[in-house]
Amino acid sequence: MMFSDLIQILIYAALLVGLAVPIGLYMARVYSGELNFLRPLERGIFAVAGIKSDQGQHWSAYALSLLAFNAAGFLLLFLILKFQDLLPFNPAGFPGLPADLAFNTTVSYITNTNWQSYGGESTLSNFSQMAGLTTQNFLSAATGMAVAAAVARGLAARQIKAIGNFWVDMVRSTLYVLLPLAIILAIVLVWTGVPQTLDASVSATTLEGANQSISVGPVASQLAIKQLGTNGGGFFNANSAHPLENPNALSNLLTMIGIFVVSVAFPFTFGRMVNDKRQGRALFAAMGVMLVLGFVGIYTAEKAGNPLLAGIVQADAGNMEGKEVRFGVVNSALWAEATTAASNGSVNAMHDSFTPLGGMIAMVNMALGEVVFGGVGVGLTGMLLMVIITLFLAGLMVGRTPEYLGKKIEAREVKLAALTLMIMPLGVLVFSALAILVGTGQSSVQDAGPHGLSELVYAYVSATANNGSAFAGFTANVTWHNTFLGIAMLIGRYGYIIPVLAIAGSMATKKIAPASAGTFPTHGALFVGLLVASILIVGALTFLPVLALGPIAEQVSLAAGQSF
């Protein structure tokens with residue numbers, strides 16, 4: 001690794017962790033009700049909405065409130081997109097979206113996926129971008145954060161039925177965390193050169209003297225929350241590779257920090273909420289180990305470059321296909337690792353142009369099920385589901401009933417956690433196979449052979465993992481993929497949220513038993529290692545066959561001198 005690359009990585013890591021720790025502790029105080037400086041505004045919102053903020057909710061009521069709120073958001077956003085031609089702030093005169101594309105885009109944004117089967121600057125009005133997409137960027141992120149807060153309460157509670165109030169958690173997530181951070185980041189991004197305007201375009205004169213129309217709009221405000229909320233959907237089709245959405249090295253650094261900072265903060269929030277900071281640090285360590293392994297893998301693969309171009313391009317340049325020269329391999333690899341590990345989905349380089357192994361690692365990050373920090377809130381809960389699976393496996397090996405935070409993990413919790421292990425195979429393997437059977441898989445890919453399979457599988461991995469990034473060669477804007485990718489997003493979102501809330505509700509009613517000599521500590525290096533191993537083994541057993549047919553086969557073919 002080049003010294004300059006290492007310095008950039010260390011600066012990024014230091015800034016990220018340095019911000020995440022205090023933000024995590026701050027969020028714990030927010031969800032515990034210790035901070036109330038916005039209480040008058042909260043009360044006003046609750047009064048208008050008719051919410052009884054002092055009443056806790058059983059896990060089932062919490063889940064129903066969440067589903068009802070998301071359903072209302074779905075209906076409103078679908079109508080905005082379908083009839084955007086009748087709404088204001090449409091200076092380019094864009095028509096309403098077709099029903100299948102409106103469905104796909106609506107599901108994408110309410111599930112925090114932000115998969116884009118369209119080009120933003122050529123499809124959506126300013127009103128759709130602001131009132132529709134940017135609004136859901138806040139609300140879908142706040143929904144995931146609320147779930148994490150509820151699960152932490154459930155694990156920490158002693159023999160109670162309530163795990164919090166969804167409406168309170170969501171409002172506090174928005175008012176105390178997302179809005180302040182987004183406002184600060186948006187202002188700084190405007191300072192770096194990111195546009196923020198209601199105009200449709202500006203004119204520029206090219207070097208040849210021709211007139212060029214450049215699309216602009218409310219970019220900075222959407223960019224800020226798309227990163228902080230691990231949403232990822234860009235104003236422009238090229239996303240953060242676009243020079244107006246990501247104009248320079250400073251904007252690149254700030255938005256990369258934005259991708260991760262809230263997700264990295266949540267383990268520290270969890271540790272404080274369960275009154276054992278060691279537990280939060282253990283989760284952070286497990287996530288961090290997998291993050292470092294993933295980055296090293298992508299960086300090494302991209303730095304090695306394409307073997308077919310050996311002796312043709314500069315040896316130390318690496319694979320620069322699909323990458324911005326101003327960012328190079330290190331910032332492209334770092335962004336790719338961050339965006340697929342954090343369930344963000346934004347890109348500053350085209351993943352379709354990565355080496356087969358580089359693209360595979362990005363795919364694996366998502367296929368593991370949003371546990372390498374993951375989306376805001378849901379990354380933590382996804383990891384907690386794997387904690388239950390890991391402790392169950394450990395209990396089988398030593399013949400003891402598994403425990404976590406002093407509470408017995410019984411059959412109900414294990415069954416619910418095991419149920420979530422079926423989500424990724426269903427959304428990825430089954431839906432990809434269906435697309436191949438009906439022929440839409442073959443007709444939508446850009447390349448033949450194993451790379452074409454990787455394009456298809458990547459799309460359904462991205463949708464089911466609520467990530468939203470894509471192999472750019474895949475044509476998704478057809479009725480079949482718009483429909484089934486939308487279904488995959490719904491399964492990937494609520495197929496995890498509902499079981500983990502049920503587990504939290506079940507754990508909240510249990511007694512806390514004091515630790516004994518036979519208790520397996522869940523804050524040490526042994527547990528962290530076992531947790532990481534369990535995650536990787538489950539992922540390998542599930543997806544190794546399709547990875548062998550796709551990126552692994554392509555890498556072997558490249559080494560043999562064949563490309564696709």
Side-chain angles (χ1 to χ4, degrees), residues 16-17 20-21 23-24 27-28 31 111-114 137 140-152 155 169 173 177-178 226-232 256-271 273 279-292 294-295 337-346 362 364-390 417 420 423-424 461-462 464-469 489 492-497 499-501 503-504 528 531-532 535 538-539:
L16 179 63
V17 177
V21 173
I23 290 175
M27 289 195 298
Y31 294 125
T111 58
N112 200 240
T113 307
N114 290 37
N137 280 346
S140 64
T143 297
M145 294 168 71
V147 171
V151 171
L155 292 175
D169 288 339
S173 297
V177 184
L178 294 175
K226 91 166 188 183
Q227 303 299 72
L228 291 166
T230 57
N231 297 285
M256 276 202 300
I257 291 173
I259 288 174
F260 250 153
V261 68
V262 179
S263 293
V264 174
F266 257 106
F268 302 103
T269 301
F270 176 77
M273 290 186 71
Q279 304 296 334
R281 289 194 292 266
L283 297 181
F284 171 79
M287 293 174 173
V289 166
M290 290 187 289
L291 179 72
V292 171
F295 168 72
E337 174 62 23
T339 195
T340 52
S343 184
N344 178 270
S346 65
V364 169
N365 284 336
M366 299 181 289
L368 294 177
E370 279 201 86
V371 295
V372 191
F373 291 109
V376 287
V378 291
L380 173 67
T381 56
M383 178 58 87
L384 290 172
L385 287 168
M386 287 308 305
V387 165
I388 292 174
I389 297 294
T390 301
T420 64
I423 299 301
M424 291 302 299
V461 170
S462 179
T464 311
N466 297 143
N467 182 270
S469 64
M489 295 174 209
R493 180 70 163 179
Y494 303 107
Y496 285 99
I497 283 179
V500 80
L501 285 175
I503 290 172
V528 170
L531 177 58
V532 171
I535 293 168
V538 169

Partner set under side-chain contact (heavy atoms from CB on, under 4.5 Å) for Ala146, not counting sequence neighbours:
Tyr62, Phe166, Asp169

Is there a donor-acceptor pair under 3.5 Å between the side chain of Thr464 and the backbone N or O of Gly492?
no

For the student: nearest non-hydrogen atoms of Ile259 and Gln227, plus distance
CG1-NE2, 3.4 Å

Start with the C-alpha gap between Asn114 and Asn137, add the side-chain angles, then the distance that decides, and say whether side-chain contact (heavy atoms from CB on, under 4.5 Å) holds.
CA-CA 8 Å; Asn114 290 37; Asn137 280 346; 3.0 Å; yes

Minimum heavy-atom separation for Leu178 to Ala142, with atom names?
CD1-N, 3.8 Å

Going by heavy atoms in the side chains, are Met383 and Ile535 under 4.5 Å from each other?
yes

Applying side chain to side chain donor-acceptor pair (under 3.5 Å), name anything that partners Glu337, two or more places apart in sequence or on another chain.
Asn365

Considering all heavy atoms, the nearest Ser263-Gly375 contact:
OG-C, 3.5 Å

Side chain to side chain donor-acceptor pair (under 3.5 Å) involving Tyr496 - partner list, sequence neighbours excluded:
none

Is there side-chain contact between Met386 and Leu368, with heavy atoms separated by less than 4.5 Å?
no

Gap between atom OG1 of Thr420 and atom CD1 of Ile497 - 0.5 Å precision
12.5 Å

Check side-chain contact (heavy atoms from CB on, under 4.5 Å) between Val461 and all other residues, then give those that pass, not counting sequence neighbours.
Met363, Met366, Ala367, Met424, Val428, Val457

Report yes or no: does Asn467 contribute a side-chain atom to a donor-acceptor pair with the main-chain N or O of Thr339 at less than 3.5 Å?
yes

Applying side-chain contact (heavy atoms from CB on, under 4.5 Å) to Thr381 and not counting sequence neighbours gives Val147, Ala148, Val151, Val378, Val500

Work out which heavy atom in Ala465 is nearest to a heavy atom in Ser343; give both atom names and the distance.
O-OG, 3.4 Å

A side-chain contact here means heavy atoms from C-beta on lying under 4.5 Å apart; do Ile503 and Leu385 qualify?
yes

Is the shortest heavy-atom distance from the side chain of Val387 to the side chain of Leu283 under 4.5 Å?
yes

Indicate the atoms forming the closest heavy-atom contact of Ala149 with Met273, along with that distance.
O-CE, 3.7 Å

Can you sort out the partners of Asn112 under side chain to side chain donor-acceptor pair (under 3.5 Å), two or more places apart, ordered by chain and number?
Ser140, Thr230, Asn231

Could you pull out the closest heavy-atom pair between Ile23 and Val261, with the gap in Å?
CD1-CG2, 3.7 Å

Within the side chain of Asn344, is there an N or O that forms a donor-acceptor pair under 3.5 Å with the backbone of Lys226?
yes

Holding to side-chain contact (heavy atoms from CB on, under 4.5 Å), I want the full list of residues that pass it with Thr113, two or more places apart in sequence or in another chain.
Ser108, Thr111, Trp115, Asn466, Met489

Residues two or more places apart in sequence or in another chain: which of them pass ring-ring contact (aromatic ring centres under 6.0 Å, His included) with Phe373?
Phe260, Phe284

Give every donor-acceptor pair under 3.5 Å between a side-chain atom in residues 264-271 and any protein atom, sequence neighbours left out.
residue	atom	partner	partner atom	Å
Thr269	OG1	Gly24	O	2.7
Thr269	OG1	Ala265	O	3.3

